[in-house]
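Everything on this sheet refers to the single structure shown next.
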Amino acid sequence: MIDLHSHSNISDGLLSPTDLVEHAATHGVKILALTDHDDISGLAEAQQAAIQYGIQLVNGVEISVTWKKRTLHVVGLNINPLNTILMKSLASVRQGRLERAKQMALGLEKAGIHGAFEAASTLAQQSILTRMHFARFLVERQYAKDAKSVFKKYLVKGKPGFVDHEWMSLESALNLITGSGGVAVLAHPGRYDIRRTNMLLLLEEFRALGGSAIEVVTGSHTAAQYVEYAKYAQLFGLKASQGSDYHGKGISFMEMGRLPALPSNCIPVWQDWPQTNALVAS
Ligand code: AMP
Ligand code: MN
Ligand code: MN
Ligand code: MN
């Protein structure tokens, strides 16, 4: 019923903001956060659609961060989509994505794959360029059978299409999110290649910089990881969030409306959101 992580075609999802909201509504979601990568320009349309389909829309974003040479994702919830500093900073991240995409295409070119930049741009249309757009192109050309295997073969560290990009710092991302009235949530912590010592350091730093919650139940965690990250949240006094990370048919970790409840030792990130609690209670 509550899904606080999803993507539209403003970033690397397949559905328009309106179609995504309709999809959520028809799959039993009552409260949806749209959290496009490094872009908040879909929120206005999604808000309109939310009224039409009778669900509550939470204004969100998923910001790419570099921390200790690793890429992390931080979700901002209840951000102000009209905040000019946020808009400007995200615009510069998107410019960086464009440069990175050109370099990715050069890498693929050297591996004998031509026209990747043009093809990914066509798939992305007006939206940001992500590795997912390259993945879709490579699958279309049958370089691999699906997104998962294409990432492994071409788009991760050490592979031809990978570019070591410097994203925003964790501190800047948290300042942007909290500075625009939002709460910061560490996205899918179980997906990072981080040992326990560094995970403890990360959570410590995240909290010290003003982070509020971590995703415990997400489409990219296993059931064992729900339990594991519920414990981390408890250990650091962080709240817990849940989200499918839906991207569209065939490229998602999980369908919408299928999230299990948060473990009982979690404090939900929406604990002090009056509108959300009213809807949950009704
Ligand atoms: P980017 O932010 O451009 O590096 O693209 C990252 C996006 O690619 C993520 O948000 C996911 O949507 C997708 N992605 C990353 N890794 C994988 C994977 N192993 N399998 C499928 N999709 C992935
Ligand atoms: Mn994505
Ligand atoms: Mn992510
Ligand atoms: Mn995501």
Side-chain angles (χ1 to χ4, degrees), residues 2-17 20 23-24 29 32-43 46 58-67 70-77 79 90 93-94 96-97 100-101 104 120 123-125 127-139 146-148 150-152 154-156 161-162 165 167-168 170 173-174 177 182 184-194 202 206 211 213-221 225 229 241-256 258-259 269:
I2 303 182
D3 189 334
L4 299 177
H5 189 151
S6 70
H7 296 270
S8 75
N9 63 4
I10 292 295
S11 64
D12 56 351
L14 297 180
L15 301 176
S16 69
L20 179 79
H23 187 80
V29 174
L32 176 74
L34 174 60
T35 56
D36 277 312
H37 298 286
D38 308 314
D39 203 328
I40 52 177
S41 59
L43 294 173
V58 173
N59 288 317
V61 64
E62 182 173 20
I63 301 181
S64 316
V65 159
T66 297
W67 182 80
R70 296 175 175 84
T71 301
L72 310 176
H73 287 170
V74 179
V75 162
L77 298 175
I79 47 113
L90 294 180
V93 176
R94 295 196 294 274
R97 276 188 173 277
R100 168 199 187 227
M104 287 174 63
L123 285 172
Q125 292 179 303
S127 86
I128 61 162
L129 275 163
T130 71
R131 279 186 295 163
M132 185 66 98
H133 296 107
F134 284 90
R136 283 167 56 196
F137 157 70
L138 292 167
V139 172
D146 55 21
K148 207 183 153 96
V150 104
F151 266 88
K152 243 186 176 159
Y154 293 101
L155 301 173
V156 295
F162 184 80
H165 190 70
W167 302 103
M168 196 183 289
L170 183 63
L174 292 191
I177 291 167
V185 180
L186 182 68
H188 42 65
R191 250 171 68 191
Y192 310 130
D193 187 17
I194 293 183
L202 169 61
F206 177 77
I214 64 173
E215 285 184 347
V216 169
V217 170
T218 129
S220 38
H221 279 177
Q225 285 174 322
Y229 286 97
S241 189
Q242 61 181 49
S244 62
D245 208 353
Y246 185 76
H247 281 72
K249 204 173 159 74
I251 59 166
S252 294
F253 299 100
M254 190 189 253
E255 180 51 276
M256 277 187 159
R258 297 217 183 130
L259 288 169
V269 65

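Throughout, residue positions are numbered sequentially from 1 according to the sequence presented. Note that ligands are numbered from 1 as they come in the structure, with each ligand's atoms numbered from 1 the same way.
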| query | What about the rings of Phe253 and His188, do their centers lie closer together than 6.0 Å? | reply | no
| Are Glu215 and His221 linked by a side-chain donor-acceptor pair shorter than 3.5 Å? | no
| message | Restricting to N, O or S, what is the name of the atom of His73 that lies nearest the Mn ion (ligand 3)? | response | ND1
| field | Residues in salt bridge (charged side-chain N to carboxylate O under 4.0 Å, His left out) contact with Asp39, at least two apart in sequence or another chain | value | Arg94
| message | Working to the nearest 0.5 angstrom, can you tell me the gap between Met132 CE and Ile251 CD1? | response | 4.0 Å
| Does Glu62 bring an N, O or S atom to within less than 2.8 Å of the Mn ion (ligand 3)? | yes
| query | With respect to the Mn ion (ligand 3), what is the nearest N, O or S atom of His188? | reply | NE2
| For the Mn ion (ligand 4), what is the closest N, O or S atom on Asp245? | OD1
| said: Under a 3.5 Å cutoff, is there a donor and acceptor pairing between the side chains of Asp245 and Thr218? | reply: no
| Does His37 put an N, O or S atom under 2.8 Å from the Mn ion (ligand 3)? | no
| To the nearest 0.5 Å, what is the distance between NE2 (His247) and CG (Asp12)? | 3.5 Å
| task | Flag His5 as yes if one of its N/O/S atoms falls below 2.8 Å of the Mn ion (ligand 3), otherwise no. | result | no
| query | Which is the closest N/O/S atom of Asp12 when seen from the Mn ion (ligand 2)? | reply | OD2
